[in-house]
K.L.:
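Sharing a structure here in structure tokens format.
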Amino acid sequence: MQSGHLGRALAAELARHPRWFVLTGAGVSTESGIPAYRDELGEWRHKPPMRYQTFVGSEAAQRRYWSRSVLGYERIRRARPNAAHRALAELEQRGHVGAIVTQNVDDLHRRAGSQRVIDLHGRLSRIVCLDCRWEDSRDVLQRQLTADNPDLSSQRSTPGAPDGDAIVETRAELRLPRCSKCGGTLKPAVVFFGETVPAERVRAAYAELDKADAVLAIGSSLMVFSGYRFVYRAASRRLPIVILNAGRTRADPLATLKLEGPCGPVLEDAVRELS
Ligand code: NAD
Ligand code: ZN
């Protein structure tokens, strides 16, 4: 189907139910140049990302993460919201969206103007101390890492993974950044694989789901339980579920409508159709 047909079908659904719970994944940001983890068949496109246990378990792993993320983060910081982010912000403005629960960590929904955003997996633009829980901006740390390790940012790298990791030569000598309050271990304020989403964040997302009339899941393979659980709960409450994705998702059997296509053009068409 052409994106025009998909856009019309989506617009008709959007008009049918007043309050939408929108769940987004990495596919919403691919048009901004941030690659997704999985392809159309739900398979890994990169090597699996850093796990929480690996990160906290060794300073070597932390050194590896921070040295690669100097480049990876820069790429994400420079990314701009695309048509999908802009269309969702517009839909919120027009009163269709109760909340966006995003699995992305790139801040692009907020930067496009969406206000009711729950960052399920945190934000790459923040860092947290694992010892005293103090949070700070990643940009400050980024400047410090670049200043302390000038040759890092001039290294060549392959296009990074969506979590800010990039594939570069590891520098064993990188000085580990430390918490400026307590000297403790710093971590990006994102939920790594193998880490659990803070309970109050999940509760807040469920509360939004409970207020919604319908669910729209966009650009997510839904292979990760963290996002899948919302679609599952919606299905058990018999809410309408629309899935917009290029390719297969784990929740396809639960969808009341599956739209298979690129999210930017389809959302743009839907917004135009609703005007
Ligand atoms: P995923 O990579 O598992 O799935 C992305 C899906 O989007 C795939 O099915 C793919 O075919 C589809 N897709 C790609 N481009 C598309 C487009 N233009 N239009 C429509 N569909 C498109 O992503 P996920 O389900 O979000 O799970 C990935 C995990 O990785 C999450 O836990 C998330 O936290 C994490 N992740 C995402 C991002 C980000 O910030 N951009 C970053 C880091 C991690
Ligand atoms: Zn600290």
Side-chain angles (χ1 to χ4, degrees), residues 7 10-11 13-34 73 76-128 135-139 162 164 188-191 197-220 226-227 229-231 233-234 239-244 263-275:
L10 178 56
E13 273 306 294
L14 286 168
R16 204 164 287 142
H17 310 286
R19 188 185 179 103
W20 286 80
F21 175 96
V22 179
L23 175 66
T24 67
V28 164
S29 292
T30 52
E31 291 165 31
S32 294
I34 303 173
Y73 176 66
I76 284 175
R77 206 173 66 83
R78 283 204 213 112
R80 295 281 166 261
N82 66 51
H85 301 107
R86 286 192 296 271
L88 286 169
E90 177 73 29
L91 288 173
E92 178 184 317
Q93 192 101 57
R94 297 193 198 177
H96 293 281
V97 176
I100 296 180
V101 172
T102 186
Q103 301 167 86
N104 296 345
V105 294
D106 52 30
D107 269 342
L108 290 177
H109 285 302
R110 223 174 266 100
R111 284 170 53 199
S114 289
Q115 290 177 8
R116 308 175 60 87
V117 182
I118 295 178
D119 302 281
L120 196 59
H121 295 165
R123 302 161 68 182
L124 218 45
S125 60
R126 310 285 301 164
I127 51 168
V128 63
E135 274 203 32
D136 201 358
S137 150
R138 167 66 198 262
D139 286 344
V190 298
V191 176
V197 179
E200 73 279 6
R201 219 180 278 162
V202 177
R203 266 199 300 277
Y206 274 140
E208 287 298 339
L209 180 60
D210 292 344
K211 287 188 274 181
D213 304 297
V215 168
L216 172 60
I218 312 173
S220 175
S226 181
R229 66 181 134 194
F230 299 105
V231 182
R233 167 119 132 196
L239 290 185
I241 296 165
V242 178
I243 296 180
L244 168 57
C263 55
V266 174
L267 281 163
E268 233 174 9
D269 288 343
V271 168
R272 199 173 309 120
E273 195 69 27
L274 282 167
S275 314

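Computed over heavy atoms, backbone and side chain alike; hydrogens, waters and symmetry mates excluded.
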K.L.:
To the nearest 0.5 Å, how far apart are CG in Leu23 and CZ in Arg229?
P.N.:
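Rounded to the nearest 0.5 Å, the CG-CZ separation comes to 10.5 Å.
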
K.L.:
Shortest non-hydrogen contact from Asp269 to Gly7?
P.N.:
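It is CB-CA, 3.8 Å.
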
K.L.:
Would you call Val266 and Leu244 a side-chain contact if the rule is heavy atoms closer than 4.5 Å?
P.N.:
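Val266 reaches Leu244 side chain to side chain.
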
K.L.:
At their closest point, which heavy atom of Trp20 faces which heavy atom of Glu13, and how far apart are they?
P.N.:
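What the structure gives for the nearest pair is CZ2-O, 3.2 Å.
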
K.L.:
So how far is it from Leu88 CG to Leu267 CG, rounded to the nearest 0.5 Å?
P.N.:
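The CG atom of Leu88 sits 5.0 Å away from the CG atom of Leu267.
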
K.L.:
If you take all heavy atoms of Val191 and Pro198, which pair is closest and at what distance?
P.N.:
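So the minimum-distance heavy-atom pair works out to CG2-CD, 4.2 Å.
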
K.L.:
Shortest non-hydrogen contact from Ala205 to Val101?
P.N.:
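Minimum heavy-atom separation between Ala205 and Val101: CB-CG2, 3.9 Å.
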
K.L.:
Kindly give the heavy-atom pair with the smallest separation between Val197 and Leu120, and that separation in Å.
P.N.:
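Here Val197 and Leu120 meet closest at CG1-O, 3.3 Å.
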
K.L.:
Run the salt bridge (Lys or Arg N to Asp or Glu O under 4.0 Å) test against Glu92 and tell me which residues pass, sequence neighbours left out.
P.N.:
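Partners of Glu92 under the salt bridge (Lys or Arg N to Asp or Glu O under 4.0 Å) test: none.
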
K.L.:
Under a 3.5 Å distance rule, please check whether Arg111 uses its side chain to pair with a backbone N or O of Ala79 as donor and acceptor.
P.N.:
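At least one qualifying donor-acceptor pair exists.
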
K.L.:
Under the rule for salt bridge (Lys or Arg N to Asp or Glu O under 4.0 Å), what residues qualify as partners of Arg126, not counting sequence neighbours?
P.N.:
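For Arg126, the residues satisfying salt bridge (Lys or Arg N to Asp or Glu O under 4.0 Å) (neighbours in sequence not counted) are Glu135.
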
K.L.:
Is there a donor-acceptor pair closer than 3.5 Å between any side-chain N or O of Ser275 and the backbone N or O of Val271?
P.N.:
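Yes.
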
K.L.:
Between CD of Gln93 and OG of Ser114, what distance do you get to the nearest 0.5 Å?
P.N.:
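If I round to the nearest 0.5 Å, the distance is 9.5 Å.
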
K.L.:
Treating Ser137 as the side-chain partner and Asp139 as the backbone partner, does any N or O pair qualify as donor plus acceptor under 3.5 Å?
P.N.:
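Yes, the answer is positive, given that a donor and an acceptor are paired below the 3.5 Å cut-off.
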
K.L.:
Ion pair present between Arg123 and Asp107, side-chain N to carboxylate O less than 4.0 angstrom?
P.N.:
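Salt bridge flag = yes for Asp107 with Arg123.
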
K.L.:
For the backbone of Val28 and the side chain of Asn82, can you confirm whether one donor and one acceptor N or O come within less than 3.5 Å of each other?
P.N.:
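Between the backbone of Val28 and the side chain of Asn82 there is a qualifying donor-acceptor contact (under 3.5 Å).
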
K.L.:
Can you check side chain to side chain contact (heavy atoms under 4.5 Å, CB included) on Thr24 and Leu216, steps first, answer last?
P.N.:
CA-CA 8 Å; Thr24 67; Leu216 172 60; over 6 Å; no

K.L.:
Is it true that a side-chain atom of Asp106 and a backbone atom of Leu108 form a donor plus acceptor pair closer than 3.5 Å?
P.N.:
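Looks like yes, one N/O pair under 3.5 Å.
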
K.L.:
If the condition is side-chain contact (heavy atoms from CB on, under 4.5 Å), which residues does Glu268 pass it with, not counting sequence neighbours?
P.N.:
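Glu268 satisfies side-chain contact (heavy atoms from CB on, under 4.5 Å) with Ala83, Arg272 once adjacent residues are dropped.
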
K.L.:
Can you list the residues that meet the salt bridge (Lys or Arg N to Asp or Glu O under 4.0 Å) rule with Arg203, with sequence neighbours excluded?
P.N.:
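For Arg203 there are no salt bridge (Lys or Arg N to Asp or Glu O under 4.0 Å) partners, ignoring immediate neighbours.
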
K.L.:
Using a 4.5 Å cut-off on heavy atoms from C-beta on, say whether the side chain of Val105 contacts that of Asp119.
P.N.:
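Sidechains of Val105 and Asp119: no contact.
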
K.L.:
Do the side chain of Asn104 and the main chain of Gly25 share a donor and acceptor less than 3.5 angstrom apart?
P.N.:
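Between the backbone of Gly25 and the side chain of Asn104 there is a qualifying donor-acceptor contact (under 3.5 Å).
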
K.L.:
So do the side chains of Leu274 and Leu14 get within less than 4.5 Å of each other, counting heavy atoms only?
P.N.:
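Yes; the side chains approach each other to less than 4.5 Å.
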
K.L.:
Are Val215 and Val242 close enough that some pair of their side-chain heavy atoms sits under 4.5 Å apart?
P.N.:
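Heavy-atom side-chain distance check fails, nothing below 4.5 Å.
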
K.L.:
Below 4.5 Å, heavy atoms only, C-beta onward: do Arg77 and Ser125 meet side chain to side chain?
P.N.:
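No, side chains not in contact.
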
K.L.:
Please identify each residue that fulfils ring pair (Phe, Tyr, Trp, His ring centres under 6.0 Å) with Phe230, with sequence neighbours left out.
P.N.:
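Result, ring pair (Phe, Tyr, Trp, His ring centres under 6.0 Å) vs Phe230: Phe21, Tyr206.
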
K.L.:
Does the side chain of Ser220 pick up a donor-acceptor pair with the side chain of Gln103 at under 3.5 Å?
P.N.:
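Present: a donor and an acceptor within the cut-off.
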
K.L.:
Give, for atom CG of Leu10 and atom CD1 of Ile218, the distance between the pair rounded to the nearest 0.5 Å.
P.N.:
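So the CG of Leu10 and the CD1 of Ile218 are separated by 7.5 Å.
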
K.L.:
Going by ring pair (Phe, Tyr, Trp, His ring centres under 6.0 Å), name the pairs with one or both residues in residues 76-117, residues two or more places apart or in two chains.
P.N.:
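As it turns out, the ring pair (Phe, Tyr, Trp, His ring centres under 6.0 Å) pairs with a partner in residues 76-117, which skip direct neighbours, are His85-His109.
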
K.L.:
Looking at Arg19, Arg201, Arg233, which hits salt bridge (charged side-chain N to carboxylate O under 4.0 Å, His left out) with Glu208?
P.N.:
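So the option named by the test is Arg19.
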
K.L.:
What is the minimum heavy-atom distance between Ala217 and Val231, and which atoms define it?
P.N.:
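Smallest heavy-atom distance, with atoms named: CB-CG2, 4.5 Å.
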
K.L.:
Okay, side chain of Ser29, backbone of Ile34: is any donor-acceptor separation there less than 3.5 Å?
P.N.:
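Looks like no, no N/O pair under 3.5 Å.
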
K.L.:
Between Glu90 and Arg86 (salt bridge meaning N to carboxylate O under 4.0 Å), is one present in this structure?
P.N.:
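No, no charged N to carboxylate O under 4.0 Å.
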
